[in-house]
Amino acid sequence: MSQGRNGDIRVPVLARVEGEGALDVSIRNGRIEDLKLRIFEPPRLFEKFLEGRDGQDVIDSVARICGICPVAYQMSAVTALEAVCGLQPSPWVQAMRRVMYCGEWIQSHSLHIHLLAAPDFLGFHSAPEMAQQYPIEVQRGLRLQAVGNEIIRTFGGRSVHPVGVRVGGFFRAPDTGTIAALRTKLQTSLVEAEELIRWIASLPLPDDRQDFTCVSLRHPSDYPMIGDRIITDSGLDIPVTAFAQHFQEQQVPHSTALHAHLDGSPYLVGPLARLNLNHDRLPSTLSRLLQETGIRFPSQNMFHSMLARAVEIAYALQEALRLTEDYDPTATPYADAEAKAGTGYGASEAPRGILWHRYALDDKGHVVNATIVPPTSQNQARMEEDLKNALTRFGLDHSDDELRLHGEMVIRNYDPCISCATHFLTFRATRR
Amino acid sequence: VRRAYVFGLGSPFGEDRLGWLAAEQLGRDLAHHPQVVVDTLNQPNNLFVHPLDPEALLIFVDAMVSGRDPGSVRQFSAAQLETATQRVSSHGMDLKTTLDLLTAMGFPPAQIRVLGVEIAGAEVLVDAQALPAALSDAVQTVCAHVESLVEDWLSTKVAVVKT
């Protein structure tokens, strides 16, 4: 038992997460007295940079907030901007935006599973170390990531900070030959993604069941990517326009990224929350495959996030194939929109969870003010709550190194993008 | 049959497009070799989209900043790439990390070549159509170098180990 244990633990550098920060844990009389996920990177002030800029500047600028989820930023922004001018994108545009979004899920989730999280569960310090013993699995993961990037490049010109999105649609439509070649790769990748689900389900994932509130978008018929309703497993069902009435952002002294609460309590966004709330939207083939693994959703085991990511990779591949099946390159890949004054809201499911944007525009369509709520900042309070539960259950009598590693594993499980929320992590624990 | 993969790294803009320009030319020049794959990549790890043969020759062409004269071409082995060139990001995989993963997965480092073309001091506007002469010439130089490496590789007989 850890009864009576006091002291400090510090992780000077937390590896395999995006950005910089610190984790401080104080243990007194065998209990966690205080735990802080410190984010100390200066605020990046993107919302302020956007003031005075037009719609295209916004779309291209917000993509620079993140190297791995630029599509999410562009889609949330363009949805909000189109809402102001009352523009409803064509069915072709809506479908191809969804395909592009599939690319982002595939590449982001594949990177996280294979290079950031899996080494934890298999006892390796790094992805190259794991690749020596699991070359087939790592290569498969990197192939999946590359296919995701190829989808983004097809619609955005390049996979990092793509430039193809505009208000009303895309600057150009990919030709049929490009889509046909892409579909061949997607079909091969789908088989690999199904193998990936089985592999993840077979890994020794810790059993760490916790109580938490899941929050995600909800689509009338499909698994959610871009949407206009937000739901929770506690029964909330609101339009994205009402987000700020229920979700409160607040500053805490130890973080330059804002914390978010739902009616005063932490909540979870991201792949596990999405799958928990939307598993009924999966295609039947995927539901059956998931059932075969023996792991049931909704799940309260936070470490099932990795399986949720694998499921979403397979879903995204299926969805991209479905939406490009009878691909016809439209002559009108975009619709023109007239600038209008007003306030617009947009939300989409970034790989790490809901990404909510609000823009107030003047009559020239220039930004008067903007609010961007990224998923990692929404998950920060939940991560602290999870760390307290997980470290206590793991056992505070473990050595500092073991506690440090477990803490890092819990944090990496969220795939936090602190660069988005603002950046990451040294770990320091105080035992008294 | 010996295979080779040639990857031009970069983006469509400015001097960063040197690797892509070289790959586009090499795609034409080496088109008569069906066992050679040439592609443009804007992230090195996107090479995994190809079904890579671990016995193949891998060549990467990229713009570099090393303080040499603009247009200078330098060849590196995988081991010669400095760790310092790695980006401090877990969400972006640079060339060094990609090569580390390749070698960990059994791709022999001796069959990996990196060709850098110096761009420092030759600033090119992002939307400029024409490159300065030193960089245009360098594209030709690096293409000739890659073709020579590929031809040598393809003409060398595969050693057959009898057991």
For this session: Working to the nearest 0.5 Å, report the span between CG of A/Asn149 and CG of B/Leu41.
Result: 10.0 Å

Exercise. What are the two closest heavy atoms between B/Ala104 and A/Pro128, and how far apart are they?
Worked result: CB-O, 3.3 Å

Exercise. Are B/Thr40 and A/Arg153 close enough that some pair of their side-chain heavy atoms sits under 4.5 Å apart?
Worked result: yes

Seminar exercise, completed: CD (A/Gln139) and CG (B/Leu52) are apart, to the nearest 0.5 Å, by 6.5 Å

For this session: Go through the steps to decide whether A/Arg143 and B/Val49 satisfy the test side-chain contact (heavy atoms from CB on, under 4.5 Å), and finish with yes or no.
Result: CA-CA 5 Å; A/Arg143 271 198 302 276; B/Val49 81; over 6 Å; no

Exercise. If you measure from CE on A/Met130 to CE on B/Met105, what distance do you get to the nearest 0.5 Å?
Worked result: 10.5 Å

For this session: Decide side-chain contact (heavy atoms from CB on, under 4.5 Å) for B/Phe13 and A/Arg158; before the verdict, give the C-alpha distance in whole Å, the side-chain angles of both, and the deciding distance to 0.1 Å.
Result: CA-CA 11 Å; B/Phe13 304 117; A/Arg158 57 190 188 188; 3.3 Å; yes

Problem set entry | Rounded distance [0.5 Å steps], CG in B/Leu47 versus CG in A/Leu142 | 8.5 Å

For this session: Kindly check if the number of other-residue, nucleotide or ligand heavy atoms within 6.0 Å of CD1 (A/Ile136) is above 12?
Result: no

Seminar exercise, completed: Output for pair (A/Glu150 CD, B/Asn46 CG), nearest 0.5 Å, gives 7.5 Å

Exercise. At their closest point, which heavy atom of A/Ala146 faces which heavy atom of B/Phe48, and how far apart are they?
Worked result: CB-C, 4.0 Å

Problem set entry | Proximal component of B/Leu102, with respect to chain A [non-hydrogen, under 4.5 Å] | neither

For this session: Let me know if B/Thr103 has heavy atoms under 4.5 Å from chain A in its side chain, its backbone, both or neither.
Result: neither

Problem set entry | A/Ser159 OG to B/Asn45 CG distance, which is reported to the nearest 0.5 Å | 8.0 Å

Exercise. Hey, does B/Thr97 have a side-chain heavy atom less than 4.5 Å from the side chain of A/Leu115?
Worked result: no

